[in-house]
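To start, the structure itself, in structure tokens.
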Amino acid sequence: RIVQACTCEDSCTGAPAGRVCDVGREASGENTATGVPRTSVTSTPSSFSGRSGSNSRRPAHSSSAVASTRSRAVARAVEAMRGATRLPVTVKHRIGIDDLDSYGHLTRFVSTVAAAGCETFIVHARKAWLQGLSPKENRDVPPLDYGRVARLKRARPDLPVAVNGGIAALDQARARLAEVDGVMMG
């Protein structure tokens with residue numbers, strides 16, 4: 001059993017891990033989801049999403065600064081969770097968010113978070129549009145890019161990488177398992 005926490009603020013990064021220790025003694029791992037296109041997460045200031053709200057105007061700094069801040073924030077969350085639990089810590093994330101969707105952004109994010117102690121990456125193979133799409137639309141509208149996740153795995157054979165997004169049948173899962181270590185269905 002894996003416990004997943006959607007953490008949206010630096011101030012609560014250690015709280016999910018503490019709750020897993022208190023409540024989830026049967027859990028075998030903890031996962032934090034980042035860049036979640038949910039109103040309840042993106043409507044508050046969030047360096048995880050790289051935006052200050054789902055309908056707010058763009059921040060007054062560059063895309064690379066947002067990506068760097070987001071990477072460091074997720075890395076701090078991973079460090080806090082590792083400090084609060086002995087369970088493995090994994091991160092589920094999108095291939096990109098809004099205009100931060102290049103392969104370079106993805107690899108820098110993964111490298112930064114891996115250095116903080118993340119043990120496995122579960123990569124949703126579509127970007128999230130926090131500006132302009134609803135949470136429901138984000139599950140279907142941005143196109144899937146399984147090739148980008150496979151490329152990440154080839155570049156980082158040292159890291160377990162699982163793919164998520166649009167995989168509903170076992171034959172689809174088998175096809176993806178030829179390229180990555182795991183598949184999240186549903």
Side-chain angles (χ1 to χ4, degrees), residues 4-17 30-84 88-135 137-139 141-145 148-149 151-153 155-156 159-165 184:
Q4 185 177 67
C6 296
T7 306
C8 59
E9 297 178 16
D10 290 345
S11 62
C12 62
T13 54
E30 180 168 347
N31 173 269
T32 187
T34 66
V36 179
R38 286 182 18 193
T39 304
S40 62
V41 174
T42 59
S43 64
T44 59
S46 172
S47 53
F48 284 68
S49 68
R51 298 284 181 261
S52 59
S54 60
N55 294 315
S56 66
R57 55 185 203 281
R58 292 219 180 277
H61 37 71
S62 71
S63 294
S64 60
V66 171
S68 176
T69 299
R70 180 176 173 267
S71 299
R72 288 191 311 266
V74 175
R76 284 192 304 271
V78 167
E79 289 170 348
M81 287 187 284
R82 290 193 53 90
V89 175
T90 66
V91 171
K92 181 177 180 231
H93 60 95
R94 298 277 184 134
I95 59 172
I97 295 176
D98 293 330
D99 59 341
L100 304 175
D101 66 342
S102 72
Y103 179 71
H105 281 117
L106 175 63
T107 58
R108 284 188 295 278
F109 173 83
V110 168
S111 292
T112 299
V113 176
C118 177
E119 298 180 30
T120 300
F121 290 85
I122 303 162
V123 185
H124 191 125
R126 62 174 104 237
K127 69 189 273 179
W129 280 106
L130 301 180
Q131 305 289 324
L133 290 182
S134 72
E137 291 169 320
N138 263 293
R139 290 190 291 269
V141 173
L144 290 161
D145 189 349
R148 187 173 295 187
V149 182
R151 182 178 173 195
L152 173 67
K153 176 58 189 172
R156 293 300 307 259
L159 293 175
V161 174
V163 68
N164 172 240
M184 180 180 278

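Nothing here was measured: the structure is a model prediction, and the numbers come from that model. For the numbers below, each heavy atom of this structure counts, side chains included, while hydrogens, waters and symmetry mates do not.
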Under the side chain to side chain contact (heavy atoms under 4.5 Å, CB included) criterion, do His105 and Ser71 qualify, and how do the steps go?
CA-CA 9 Å; His105 281 117; Ser71 299; over 6 Å; no

All side-chain contact (heavy atoms from CB on, under 4.5 Å) counterparts of [X], not counting sequence neighbours:
X: Asp101; value: Lys127, Arg148
X: Ala162; value: Ile122
X: Pro160; value: Thr120, Asp181

For Thr107, check side chain to side chain donor-acceptor pair (under 3.5 Å) against everything at least two apart and list the hits.
none

Working to the nearest 0.5 angstrom, can you tell me the gap between Asn164 CG and His124 NE2?
5.5 Å

Calculate, to the nearest 0.5 Å, the distance between atoms CZ and CG belonging to Phe109 and Leu152 respectively.
10.5 Å

If every non-hydrogen atom of [X] is compared with every non-hydrogen atom of [Y], which pair is closest and at what distance?
X: Lys153; Y: Leu159; answer: NZ-O, 2.8 Å
X: Ile97; Y: Arg70; answer: CD1-NE, 3.3 Å
X: Leu130; Y: Asp98; answer: N-OD1, 2.8 Å
X: Ala75; Y: Ala116; answer: O-CB, 3.4 Å

Results of salt bridge (charged side-chain N to carboxylate O under 4.0 Å, His left out) for Glu119 - residues two or more places apart only
Arg82

Quick one: list whatever passes salt bridge (charged side-chain N to carboxylate O under 4.0 Å, His left out) with Arg151, sequence neighbours left out.
none

Should Leu133 and Pro142 count as side-chain neighbours, where that means a heavy-atom distance under 4.5 Å?
yes

Parallel, tilted or perpendicular: which fits the ring planes of His93 and Phe121, with parallel below 30° and perpendicular above 60°?
perpendicular

